[in-house]
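All remarks here apply to the structure that follows.
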Amino acid sequence: MIVGRRSFLAGVGGAALLARRARADTTYLNGETLRIIVASSPGSGNDATARLFAEHLARLVPRTQVVVENLDRAGGRIAEKTLWEAPPDGRTIAFLRSSIFYRMLQDAADYPYSLQDFTWIGSLSQESRVLVATAASGVADLPALLARDRPLTLAVDTVTSTRYIVALLVNALLGTRLLPIVGYKGAGIELAAVAGEVEGVFNTFESARPVIESAGGQVLLRVGQGRLPAPFDSAPALRDQALNPAHRWVLQLIEAEANLGRFVGAPPATPAAELAVLRGLLESVAADPGFQTAATAIGLDVAVTPGAELTTQIAGIPRPDAATAASFQALLDCGLARAETGGGC
């Protein structure tokens, strides 16, 4: 189950107890380096979460050097491959990009691994992605977006990113005209909207916050079951829209990807003893009031999915077959055609 901030603290007896347990069990890390790979660029929401996690983790393992390394090339695939090939010794972990969900549907033949093959430590949040339009766009709500006769431009990093893919899928599901513009990185995605280079973003809430606060951004749509602060929690949800019943599986895929939040993995076949330590450390950091306060400051709502539960959820995601992959690609093609021409599919 997803464990929220209050229930998590009550269920385990508080941060102090977890911290003592974590310190008592980390002898294999003494004098070693714990490498934290981030599959996102510096300044991104995933990067901010990973660095905050590393800062608080280092306090629990004072005899261990904690190093954060950004490997954002190839849409995060370099980071995945690096984690896949790393020794399973409990000294390498990674904050992966959720776009792996979609890329495996697009390029299954290119992957020697699947989500089920990694060792899962846990997740720090349950997210909602939000579609935000700037005040300058003139789009104040979802009906206005649907009635618009031209594309709403969004800043994204690459054509393999979750931002890009989810925008096209929403076009295919709802008939919107969201046009992702690639080439932006990290905080530059939101800065492009604030500066007026594009008209909006489709990102996690904490990442999209600068557009809301600095560009009069309106939340037009939310995806996923992560908690949003008022008044944004009243924004329409994708799951409540009228969808073609044949496309409900796509909605389930989008929601599952969002609900994993900031998930952390280790190499395949990481031994049980080391895995238990890493899971304990993640839970200790998440229960630390200092971490929670700092997380709130960057817009991260801490809601832990323990490693065993995360493993179970990922095990329930089917490996894509040829028919599913073909249907998925057809929806992406449809979404891009809608964005560019406004035509049907």
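Sequence positions, counted from 1, serve as the residue numbers for this chain.
- Partners of Asp72 by side chain to side chain donor-acceptor pair (under 3.5 Å), not counting sequence neighbours, listed by chain and number: Lys185.
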In residues 242-251, what donor-acceptor pairs under 3.5 Å come from side-chain atoms, sequence neighbours left out?
unit_1 : atom_1 : unit_2 : atom_2 : d
Asn244 : OD1    : Ala246 : N      : 2.8
Trp249 : NE1    : Ala246 : O      : 3.3

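- Ring planes of Tyr113 and Phe118: perpendicular class, angle over 60° (limits at 30 and 60°).
- Among all heavy-atom pairs drawn from Leu71 and Ala79, the shortest one is O-CB, 3.4 Å.
- Val302 and Leu228 end up in different hydrophobic clusters when Ile, Leu, Val, Met, Phe, Trp and Tyr side chains are linked at under 4.5 Å.
- Judged by distance alone, the side chains of Asp117 and Ser114 do bring a donor and an acceptor atom under 3.5 Å apart.
- Residues Val132 and Glu190 are not in side-chain contact: their nearest non-hydrogen atoms beyond the backbone lie 4.5 Å or more apart.
- For Ser207, the side chain to side chain donor-acceptor pair (under 3.5 Å) criterion is met by Thr204, not counting sequence neighbours.
- The side chain to side chain donor-acceptor pair (under 3.5 Å) check on Arg177 picks up nothing, with sequence neighbours excluded.
- Residues passing the side chain to side chain donor-acceptor pair (under 3.5 Å) test with Glu206 are Arg262, sequence neighbours excluded.
- Val201 and Leu168 fall into different hydrophobic clusters, where Ile, Leu, Val, Met, Phe, Trp and Tyr are joined by side-chain heavy atoms under 4.5 Å apart, directly or via other members.
- Identified under the ring-ring contact (aromatic ring centres under 6.0 Å, His included) test for residues 197-242, with sequence neighbours left out: Phe205-Phe232.
- When all heavy atoms are compared, the tightest approach of Ala54 to Val66 is CB-CG1, 3.9 Å.
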Donor-acceptor pairs under 3.5 Å, side chain of residues 149-158 to any protein atom, not counting sequence neighbours: which ones?
unit_1 : atom_1 : unit_2 : atom_2 : d
Thr153 : OG1    : Glu199 : N      : 3.1
Asp157 : OD1    : Ser161 : OG     : 2.8
Asp157 : OD1    : Arg163 : NH1    : 3.3
Asp157 : OD2    : Arg97  : NH2    : 2.8
Asp157 : OD2    : Arg163 : NH1    : 3.0
Thr158 : OG1    : Thr160 : N      : 3.3
Thr158 : OG1    : Thr160 : OG1    : 3.0
Thr158 : OG1    : Ser161 : N      : 3.3

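- Among all heavy-atom pairs drawn from Glu255 and Gly224, the shortest one is OE2-N, 3.3 Å.
- Side-chain contact check for Thr176 versus Leu220: every heavy-atom pair is 4.5 Å or farther apart.
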Original post:
Taking it one step at a time, do Thr26 and Thr64 satisfy side chain to side chain contact (heavy atoms under 4.5 Å, CB included)?
Top reply: CA-CA 9 Å; Thr26 56; Thr64 303; 6.0 Å; no
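- Separation of atoms CD (Glu80) and CD1 (Ile37) is listed at 11.0 Å; rounding is to 0.5 Å.
- Every pair tested for ring-ring contact (aromatic ring centres under 6.0 Å, His included) that includes a residue from residues 125-154 fails, sequence neighbours excluded, so the list is empty.
- Not counting sequence neighbours, the partners of Phe53 by the ring pair (Phe, Tyr, Trp, His ring centres under 6.0 Å) test are Phe95.
- Of the inter-residue distances, the one linking Leu124 atom CG with Leu282 atom CG reads 4.5 Å to the nearest 0.5 angstrom.
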Original post:
Given the rule in the side chain to side chain contact (heavy atoms under 4.5 Å, CB included) test, do Thr82 and Arg35 qualify, once you have shown the distances and angles that lead to the verdict?
Top reply: CA-CA 11 Å; Thr82 301; Arg35 182 187 187 194; 3.7 Å; yes
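- Note that CG of Leu169 and CG of Leu174 are 10.5 Å apart. Values are rounded to the nearest 0.5 Å.
- Within the model, atoms CG of Leu29 and CG of Leu60 stand 11.0 Å from one another, a figure rounded to the nearest 0.5 Å.
- Hydrophobic clustering (side-chain heavy atoms under 4.5 Å, transitive across Ile, Leu, Val, Met, Phe, Trp, Tyr) keeps Val219 apart from Val166.
- Donor-acceptor pairing under 3.5 Å is recorded for the side chains of Tyr102 and Glu257.
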**OP:** Mind running side chain to side chain contact (heavy atoms under 4.5 Å, CB included) on Gln252 and Arg239 for me, showing each step along the way?
**Re:** CA-CA 9 Å; Gln252 292 172 356; Arg239 62 180 173 274; over 6 Å; no
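- Hydrophobic clustering places Val170 together with Val159 (ILVMFWY residues linked when any side-chain heavy atoms are closer than 4.5 Å, directly or through intermediates).
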Donor-acceptor contacts, no H, no angles, side chain residues 328-340, under 3.5 Å, sequence neighbours left out:
unit_1 : atom_1 : unit_2 : atom_2 : d
Gln329 : NE2    : Asp333 : OD1    : 3.0
Arg338 : NE     : Asn171 : O      : 3.3

**OP:** Determine, stepwise, if the pair Leu131 / Leu142 fulfils side chain to side chain contact (heavy atoms under 4.5 Å, CB included).
**Re:** CA-CA 10 Å; Leu131 172 62; Leu142 184 58; 5.6 Å; no
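- In this view, Phe263 and Trp120 satisfy the ring pair (Phe, Tyr, Trp, His ring centres under 6.0 Å) rule, not counting sequence neighbours.
- For the pair Glu69 (side chain) and Ile36 (backbone), a donor-acceptor distance under 3.5 Å is absent.
- The CG atom of Asp288 sits 6.0 Å away from the NE2 atom of His56 when rounded to the nearest 0.5 Å.
- Remark: Arg77 pairs with no residue by the salt bridge (charged side-chain N to carboxylate O under 4.0 Å, His left out) rule, at least two apart or across chains.
- At a threshold of 4.5 Å between non-hydrogen side-chain atoms, the residues Thr119 and Ile121 do not count as touching.
- Across every non-hydrogen atom of Leu146 and Gly175, the tightest pair is CD2-C, 4.4 Å.
- The shortest distance between side-chain heavy atoms of Phe291 and Glu55 does not fall below 4.5 Å.
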**OP:** Quick one: do Asn46 and Thr49 satisfy side chain to side chain donor-acceptor pair (under 3.5 Å)? Show the steps, please.
**Re:** CA-CA 5 Å; Asn46 202 29; Thr49 301; 5.5 Å; no
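- The minimum heavy-atom distance between Gly186 and Ser41, with the atom names listed, is N-OG, 3.0 Å.
- When atom types are taken as modelled, the side chain of Ser234 and the backbone of Ala230 share no donor-acceptor pair closer than 3.5 angstrom.
- Contact between Ala215 and Ala193 at its shortest, heavy atoms only, is CB-O, 4.3 Å.
- Hydrophobic cluster membership is shared by Tyr164 and Leu173, with clusters built from Ile, Leu, Val, Met, Phe, Trp and Tyr side chains linked at under 4.5 angstrom.
- Taking 4.5 Å as the limit, some side-chain heavy atom of Leu145 sits within range of a side-chain heavy atom of Leu178.
- One finds the CG atom of Leu300 at 5.0 Å from the OG atom of Ser125 (value rounded to the nearest 0.5 Å).
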